[in-house]
Amino acid sequence: MSLIKRFGLTVLLCILILAIGLCSIYLGDSQKANETILTPTIRVEQTQSEGMSLKAEILATPRATVGTQRVTATVTPSDALYDLEWSLAVGNSKVPSGEMSDYLTITKVGDNSIDLVCKQRFDGYVQLKCTDSITKKSATAMVSAWNFGARRNLNPNFTASGTTSFTYLGTSGGGYTDLMSSWQLYAPSSQAALGGRVHATANDPGLTLNVSGAASGSAWIYLLNDAPKSGTGASAPSRFTEGSEWYIVAETDRSPAGVYGGEGDFSTIGTWYQNGLYVAKIKVIASSMTYRQFGIGFMSYAGMAAFNVNIRSISLYEAG
């Protein structure tokens with residue numbers, strides 16, 4: 001009888017230990033699933049280096065935040081003594097002055113490392129600076145966490161499908177040439193010959209615009225977007241409603257001269273260009289837009305040599 005009791009107690013203890021272990025594993029996995037996200041939701045791009053360099057590593061992101069990156073400074077020479085100071089500045093971002101801690105925070109995790117936590121998205125670039133108080137060596141990076149990153153792209157980026165080549169001559173009046181999706185190439189009248197081509201390879205999709213030099217005045221070439229509709233069919237209303245805000249996002253090796261569309265139809269909230277990424281945020285101010293189109297333009301002046309513009313992608317996002 002005592003053997004049965006002992007055997008029963010042993011079995012019971014084993015069951016309890018197994019249950020606790022399984023529960024711990026489940027809770028641990030559940031906690032990881034609910035509290036960590038491994039996505040590059042913020043970007044840290046070094047822009048200046050004097051005796052040190054910065055490297056960013058994506059970390060698991062706690063819930064209720066946008067993203068976390070561990071930024072590590074490497075000081076040269078490797079055996080140098082240093083005392084690093086880290087700081088954040090508004091830069092050209094739309095982060096309100098005095099409210100930086102509501103958007104980005106710094107936590108030191110070592111002699112040469114910090115955890116940079118983004119609490120909410122913002123437009124533009126915040127400046128992150130690291131300075132050695134002993135040698136005055138420094139490095140600077142631009143931090144971005146664009147609001148459009150959480151939005152749906154209303155017009156897909158270029159792909160290898162669709163129009164593979166086109167040429168538009170703007171000598172006989174303004175006009176449009178279908179490009180891809182609802183993006184169109186446009187040149188006003190009196191312009192010299194303008195042309196472009198879409199790369200045919202899937203690995204390097206994109207568009208090359210050839211902007212000619214202007215004989216006098218200036219020459220323009222535009223990529224404009226038809227107004228997206230809130231439904232299907234020709235009679236569906238435009239989504240370019242008064243007060244709505246939009247992002248035009250282009251990967252290009254040259255900063256556009258500006259944002260263009262119907263005069264008086266919208267106002268430009270801000271434009272940014274950093275490391276090949278151009279972002280323009282605009283607001284519709286007319287209740288009935290004249291052209292119901294807007295986009296980006298490239299310009300050459302009289303006497304300026306012709307140039308090529310490579311556009312890897314161009315996208316449209318609705319803000320809000």
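Hydrophobic clustering, with ILVMFWY side chains joined whenever heavy atoms are under 4.5 angstrom apart, groups L316 together with V259. Under a hydrophobic-cluster definition in which Ile, Leu, Val, Met, Phe, Trp and Tyr are linked whenever side-chain heavy atoms come within less than 4.5 Å, directly or via other members, M100 and I106 are assigned to the same cluster. F122 and I248 fall into different hydrophobic clusters, where Ile, Leu, Val, Met, Phe, Trp and Tyr are joined by side-chain heavy atoms under 4.5 Å apart, directly or via other members. The same ILVMFWY cluster, assembled from side-chain heavy atoms under 4.5 Å apart, contains both Y273 and W246. Follow the hydrophobic side-chain contacts under 4.5 Å out from V126 and you reach I114 in the same cluster.
Looking at D123 and Y247, their side chains do bring a donor and an acceptor atom within 3.5 Å of each other.
Considering only heavy atoms from C-beta on, Q274 stays 4.5 Å or farther from S144 through its side chain. Within the 4.5 Å cutoff, no side-chain heavy atoms of E242 are placed close to those of I285. Under the 4.5 Å side-chain criterion, counting only non-hydrogen atoms from C-beta, L116 is not in contact with T68. Proximity of I296 to T252: side-chain heavy atoms (C-beta onward) are nowhere separated by under 4.5 Å.
When all heavy atoms are compared, the tightest approach of A56 to V44 is CB-CB, 3.8 Å. Residue G243 comes nearest to K283 through the heavy atom pair O-CE, 3.8 Å, listed as atom of the first residue, atom of the second, then distance. Closest of all the heavy-atom pairs between Y278 and P256 is CD1-CD, 3.3 Å. Heavy-atom minimum distance, S300 versus M304: CA-SD, 3.6 Å. For E50 against K137, the heavy-atom pair with the smallest separation is O-CB, 3.2 Å. For the pair T65 and C118, the tightest heavy-atom approach, listed with the atom from each and the gap, is CB-O, 3.5 Å.
Judged as a salt bridge (charged side-chain N to carboxylate O under 4.0 Å, His left out), and not counting sequence neighbours, the contacts of D115 are R70. For T140, the side chain to side chain contact (heavy atoms under 4.5 Å, CB included) partners at least two apart in sequence or on another chain are T47, Q48, Q127, K129. Under the rule for a salt bridge (charged side-chain N to carboxylate O under 4.0 Å, His left out), the partners of E245 that lie at least two apart in sequence or sit in another chain are K281. N275 is linked by a side chain to side chain donor-acceptor pair (under 3.5 Å) to E45, counting only residues two or more places apart in sequence or in another chain. By the salt bridge (charged side-chain N to carboxylate O under 4.0 Å, His left out) test, E57 pairs with no residue at all, sequence neighbours left out. Residues passing the ring pair (Phe, Tyr, Trp, His ring centres under 6.0 Å) test with Y125, sequence neighbours excluded: W146.
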What pairs of donor and acceptor atoms, side-chain ones from residues 74-90 against any protein atom, are under 3.5 angstrom apart with sequence neighbours left out?
{"residue": "T76", "atom": "OG1", "partner": "G51", "partner atom": "O", "Å": "3.0"}
{"residue": "D83", "atom": "OD2", "partner": "S133", "partner atom": "OG", "Å": "3.3"}

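The side-chain tip of R254 does not point at the ring of F298 from less than 6.0 angstrom away and within 45° of straight on.
When atom types are taken as modelled, the side chain of T268 and the backbone of I282 share no donor-acceptor pair closer than 3.5 angstrom. Without hydrogens or angle criteria, W272 side chain to N92 main chain gives a donor-acceptor distance under 3.5 Å.
For residues 94-113, every residue pair satisfying the side-chain hydrogen bond (donor to acceptor under 3.5 Å, both in side chains) rule, not counting sequence neighbours, is listed here: T72-S113.
The hydrophobic side chain of I269 is isolated, with no ILVMFWY side chain under 4.5 Å apart from it.
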